[in-house]
Amino acid sequence: QVQLVESGGGLVQAGGSLRVSCAASGRTFSSYAMGWFRQAPGKEREFVATISWSGGRTDYLDSVKGRFTISRDNTKNTVYLQMNSLKPEDTAVYYCAADPTGWGRRRAHEYDYWGQGTQVTVSS
């Protein structure tokens with residue numbers, strides 16, 4: 001069982017930066033790949049980024065490549081999403097999730113555990 005708690009969301013102006021964090025409980029955190037997803041009002045949840053169990057592999061949604069960076073610290077059971085050059089279209093609730101295969105995949109149904117989400121709002 002893995003419990004995930006996101007933090008760090010907030011309101012930022014377009015062009016600004018924000019870092020969201022996801023703290024995990026459980027001794028098996030380092031064996032899970034971790035992903036970030038987001039859901040804007042009236043839209044489906046979409047994949048944003050993922051990182052493998054070791055941190056050696058990452059994958060990003062095309063529209064965030066070069067602006068967002070996913071990282072993890074297995075000693076702190078925490079995964080991060082650094083978001084730079086934010087745009088109004090990045091506004092959404094951001095969720096972290098744990099993938100038991102350790103590889104890091106793009107489809108939400110492949111993730112077993114989810115956090116409650118943190119709101120990120122980018123004003124124009």
Side-chain angles (χ1 to χ4, degrees):
Q1 185 81 8
V2 176
Q3 292 184 325
L4 305 172
V5 179
E6 300 96 335
S7 62
L11 174 64
V12 63
Q13 287 189 333
S17 297
L18 205 59
R19 188 178 79 162
V20 290
S21 303
C22 173
S25 65
R27 292 174 290 178
T28 59
F29 171 79
S30 60
S31 69
Y32 285 82
M34 298 298 296
W36 285 98
F37 292 76
R38 66 187 181 188
Q39 188 166 19
K43 295 188 176 182
E44 292 188 354
R45 190 171 299 191
E46 70 172 349
F47 165 81
V48 176
T50 188
I51 187 166
S52 63
W53 68 274
S54 66
R57 176 186 175 275
T58 58
D59 187 22
Y60 295 92
L61 178 69
D62 283 350
S63 63
V64 308
K65 283 182 182 177
R67 299 190 298 122
F68 290 11
T69 302
I70 189 171
S71 62
R72 66 188 298 160
D73 185 341
N74 287 344
T75 66
K76 296 182 178 179
N77 280 13
T78 302
V79 62
Y80 306 96
L81 185 67
Q82 177 67 44
M83 302 181 289
N84 299 328
S85 302
L86 282 160
K87 304 175 181 180
E89 51 263 44
D90 295 318
T91 295
V93 177
Y94 283 71
Y95 299 90
C96 70
D99 170 6
T101 68
W103 176 251
R105 297 171 289 180
R106 289 187 165 219
R107 292 178 291 186
H109 75 269
E110 293 171 327
Y111 287 74
D112 285 0
Y113 302 104
W114 291 82
Q116 83 290 347
T118 186
Q119 177 70 46
V120 172
T121 303
V122 184
S123 63
S124 57

**OP:** Determine the minimum heavy-atom distance between Thr91 and Val122, stating which atoms define it.
**Re:** OG1-N, 2.9 Å
Original post:
Which atom pair, heavy atoms only, marks the closest approach of Ser124 to Ala14?
Top reply: CA-CB, 4.3 Å
Subject >> Exercise: identify the closest heavy-atom pair between Tyr32 and Ala98 >> reply: CD2-CB, 3.6 Å
Original post:
At what distance, to the nearest 0.5 angstrom, does OG of Ser30 lie from CG of Asn77?
Top reply: 7.5 Å
Subject >> Which atom of Cys22 lies closest to which atom of Leu4, heavy atoms considered >> reply: SG-CB, 3.8 Å
Original post:
Where does the angle between the aromatic ring planes of Tyr94 and Phe68 fall among parallel (under 30°), tilted (30 to 60°) and perpendicular (over 60°)?
Top reply: tilted
Original post:
How far does CZ of Arg19 sit from OG1 of Thr69, to the nearest 0.5 angstrom?
Top reply: 11.5 Å
Original post:
Among the clusters formed by ILVMFWY side chains lying less than 4.5 Å apart, do Tyr113 and Ile70 turn up in the same one?
Top reply: yes
Subject >> Closest heavy-atom pair and its distance - Ala92, Ala40 >> reply: CB-N, 3.8 Å
Original post:
Distance from Phe47 atom CZ to Trp36 atom CH2, nearest 0.5 Å?
Top reply: 13.0 Å
Subject >> Same apolar cluster: Val48 and Tyr80, side chain cutoff 4.5 Å >> reply: no
Subject >> Check: Trp53 and Thr101 side chains under 4.5 Å, non-hydrogen atoms >> reply: no
Original post:
Are any non-hydrogen side-chain atoms of Tyr111 and Thr50 less than 4.5 angstrom apart?
Top reply: yes
Subject >> Pairs meeting criterion salt bridge (charged side-chain N to carboxylate O under 4.0 Å, His left out) with involvement of residues 105-122, two or more places apart >> reply: Asp59-Arg106, Asp99-Arg105, Arg105-Glu110, Arg107-Glu110
Subject >> Pairwise salt bridge (charged side-chain N to carboxylate O under 4.0 Å, His left out) hits with a residue in residues 42-57, at least two apart >> reply: Arg38-Glu46
**OP:** Please report the closest heavy-atom contact between Ser17 and Ser85, naming both atoms and the distance.
**Re:** OG-N, 4.4 Å
Original post:
Are the side chains of Glu6 and Val20 in touch, meaning some heavy atoms are under 4.5 Å apart?
Top reply: no
Subject >> Contact check, side chains of Arg72 and Phe29, non-hydrogen atoms, under 4.5 Å >> reply: yes
Original post:
Has Gln3 got more than 12 heavy atoms of other residues, nucleotides or ligands less than 6.0 Å from its CD?
Top reply: no
Subject >> Asp90 bridged to Lys87 by N-O distance under 4.0 Å >> reply: no
Original post:
Any side-chain heavy-atom pair from Ser52 and Trp103 closer than 4.5 angstrom?
Top reply: no
